A.B. asks: 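To start, I am sharing the structure in question, which I have written as structure tokens.
Source: prediction; values computed, not measured. These values consider heavy atoms only, across backbone and side chains, with no hydrogens, waters or symmetry-generated copies.
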Amino acid sequence: MNIEDRIILDVRNIIPRERHPKIFNTFDGLRTGEMMVLINDHDPKPLKYQLEAERPGQMEWKYIEQGPDIWKVEIVKK
């Protein structure tokens, strides 16, 4: 996948209660093999557990940047 093919989703300016629905909608819109890069202001580890629980076996998760101010994660749809 080319870097320009990935979706960048920066949720830092989205109110917290709307973040997970936006992330799930974006993830659900990906085709197999497509990637999104999530940018957040804290470690999105709880989101990882939620995705694993609600979309078991459907994603690969890789940290690109781990804080302290900016967290970036590559999420690939399997």
Side-chain angles (χ1 to χ4, degrees):
M1 169 172 285
N2 296 327
I3 195 163
E4 56 271 2
D5 291 338
R6 37 186 203 182
I7 295 169
I8 307 295
L9 181 59
D10 186 343
V11 297
R12 293 175 292 175
N13 293 321
I14 297 175
I15 58 175
R17 74 174 186 274
E18 295 179 0
R19 289 180 183 185
H20 282 206
K22 174 75 173 165
I23 294 163
F24 271 82
N25 287 338
T26 302
F27 179 80
D28 289 341
L30 295 175
R31 292 187 297 257
T32 301
E34 288 185 325
M35 173 196 307
M36 62 187 265
V37 175
L38 175 67
I39 303 171
N40 206 350
D41 55 11
H42 63 274
D43 187 350
K45 191 179 289 186
L47 171 72
K48 180 181 187 217
Y49 297 137
Q50 187 179 357
L51 270 169
E52 288 172 339
E54 296 183 24
R55 308 291 189 275
Q58 294 184 34
M59 62 128 192
E60 293 177 15
W61 178 280
K62 183 176 124 189
Y63 285 101
I64 304 169
E65 190 172 335
Q66 293 183 274
D69 298 320
I70 296 177
W71 296 75
K72 293 183 183 177
V73 180
E74 283 182 353
I75 302 170
V76 177
K77 189 163 195 178
K78 294 172 36 174

A.B. asks: How long is the straight-line distance from CE of Met36 back to CD1 of Ile8, given to the nearest 0.5 Å?
C.D. replies: 9.5 Å
A.B. asks: Who are the side chain to side chain contact (heavy atoms under 4.5 Å, CB included) partners of Gln58, not counting sequence neighbours?
C.D. replies: Phe27, Arg55, Lys77
A.B. asks: Can you tell me how far apart CD1 (Ile75) and CE (Met35) are? Round to the nearest 0.5 Å.
C.D. replies: 10.5 Å
A.B. asks: When rounded to the nearest 0.5 angstrom, what is the spacing between CG in Asp10 and NZ in Lys72?
C.D. replies: 8.5 Å
A.B. asks: Indicate the atoms forming the closest heavy-atom contact of Arg12 with Asp41, along with that distance.
C.D. replies: CG-N, 3.7 Å
A.B. asks: Within this structure, what is the NE2-CG distance for the pair His42 and Leu47, rounded to the nearest 0.5 Å?
C.D. replies: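 Reported value, rounded in 0.5 Å steps: 8.0 Å.
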A.B. asks: Please list, chain by chain and in numerical order, all residues satisfying side-chain hydrogen bond (donor to acceptor under 3.5 Å, both in side chains) with Asp69, sequence neighbours excluded.
C.D. replies: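 Per chain and number, Asp69 pairs via side-chain hydrogen bond (donor to acceptor under 3.5 Å, both in side chains) with no residue.
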A.B. asks: For residues Val73 and Pro44, report the shortest heavy-atom separation together with the two atoms involved.
C.D. replies: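 The pair with the smallest heavy-atom distance is CG2-CG, 3.7 Å.
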A.B. asks: Among all residues two or more places apart in sequence or in another chain, which pass the salt bridge (charged side-chain N to carboxylate O under 4.0 Å, His left out) test with Lys22?
C.D. replies: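 With sequence neighbours excluded, Lys22 shows a salt bridge (charged side-chain N to carboxylate O under 4.0 Å, His left out) to no residue whatsoever.
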A.B. asks: Run the side-chain hydrogen bond (donor to acceptor under 3.5 Å, both in side chains) test against Glu65 and tell me which residues pass, sequence neighbours left out.
C.D. replies: none
A.B. asks: With sequence neighbours left out, write down each residue that passes side chain to side chain contact (heavy atoms under 4.5 Å, CB included) with Lys48, or none if nothing qualifies.
C.D. replies: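 For Lys48 the side chain to side chain contact (heavy atoms under 4.5 Å, CB included) partners, ignoring immediate neighbours, are Glu52, Met59, Trp61.
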A.B. asks: Only counting residues at least two apart or in another chain, list the ones meeting side-chain hydrogen bond (donor to acceptor under 3.5 Å, both in side chains) with Arg31.
C.D. replies: Glu34
A.B. asks: Not counting sequence neighbours, which residues clear side chain to side chain contact (heavy atoms under 4.5 Å, CB included) with Val11? List them please.
C.D. replies: Leu9, Ile14, Arg19, Ile23, Leu38, Asn40
